[in-house]
Amino acid sequence: QVQLVESGGGLVQAGGSLRLSCAVSGRTFSWYAMGWFRQAPGKEREFVAHINTNGFSTYYTASVKGRFTISRDNAKNMVYLQMSGLKPEDTAVYYCGRSIGSSYSSQDYDSWGQGTQVTVAS
């Protein structure tokens, strides 16, 4: 049973930066693509970023492209989301997920962390 634990969230001013981390348990981490999603109050969980198994291919939702960078360290079982140029609309709980499918939909992820809150001041 895989466990995912996000950390690094917090309160920042608009234009600031945060680095989120996701620690993943188990010995099969490198076999899975990973992703970051976010959920704001009253909204559905939204895809943010995806990274393939070796970290050489990434994909982002349009609203964060150029500002966020997803990366991974397979030797450490870690996934990261570097966020820069943060905007108030980025405020949400951010979740790390393990991909089991071929799309960026949340339905293609089988495991999630507990989430970490990111709040960007207006």
Is there a path of hydrophobic side-chain contacts, each under 4.5 Å between heavy atoms of I/L/V/M/F/W/Y residues, joining Tyr80 to Met83? no

Can you measure from CD (Glu44) to CD (Glu46) and round to the nearest 0.5 angstrom? 10.5 Å

Can a cation-pi geometry be assigned to Arg45 and Tyr109, taking NZ or CZ under 6.0 Å from the six-membered ring centre and within 45° of the ring axis? no

So, taking the atom named CD in Gln1 and the one named OG in Ser25, what distance separates them when rounded to the nearest 0.5 Å? 8.5 Å

Side chain proximity check, Val120 to Val118, heavy atoms < 4.5 angstrom: yes

Is there side-chain contact between Glu6 and Gln114, with heavy atoms separated by less than 4.5 Å? yes

Validation row: Val5, Ser7 side chains within 4.5 angstrom (heavy atoms): no

CH2-NE2 distance between Trp36 and His50, expressed to the nearest 0.5 angstrom: 14.0 Å

Considering non-hydrogen atoms only, spot the tightest contact between Arg38 and Ser63 and give its length. NH2-OG, 3.4 Å

Count the heavy atoms belonging to other residues, nucleotides or ligands that lie under 6.0 Å from CD of Glu89, then report whether that count exceeds 12. yes

N/O donor-acceptor pair under 3.5 Å between Tyr60 side chain and Ile70 backbone: yes

Over all atoms of both residues, closest heavy-atom pair of Val12 and Leu86: CG2-CD1, 3.5 Å

Shortest non-hydrogen contact from Thr53 to Asn74? O-ND2, 2.9 Å

Is Tyr59 reachable from Tyr95 through a run of I, L, V, M, F, W or Y residues, each pair having side-chain heavy atoms under 4.5 Å apart? yes

Can you tell me how far OG1 of Thr61 sits from CZ of Phe37, rounded to the nearest 0.5 angstrom? 10.0 Å

Shortest non-hydrogen pair, Ser103 vs Asp108, comes out as OG-OD2, 2.6 Å

Taking every non-hydrogen atom, the tightest pair across Leu4 and Ser111: CD1-CB, 3.6 Å

Close side-chain approach of Met78 to Ser21, heavy-atom, < 4.5 Å: yes

Heavy-atom nearest pair, Ala14 first then Pro88, reads CB-CD, 4.2 Å

Output all residues satisfying side chain to side chain donor-acceptor pair (under 3.5 Å) with Asp73, sequence neighbours left out; order by chain, then residue number. none

Within the structure provided, determine whether Met34 and Arg98 are in side-chain contact (heavy-atom separation under 4.5 Å). yes

Distance in Å, Asn77 CG paired with Arg72 CZ, rounded so as to fall on 0.5 Å steps: 8.5 Å

With rounding to the nearest 0.5 angstrom, report the CG to CZ distance, Leu20 to Phe68. 8.0 Å

Please check: side-chain N/O of Asp110 versus main-chain N/O of Gly101, any donor-acceptor pairing under 3.5 Å? no

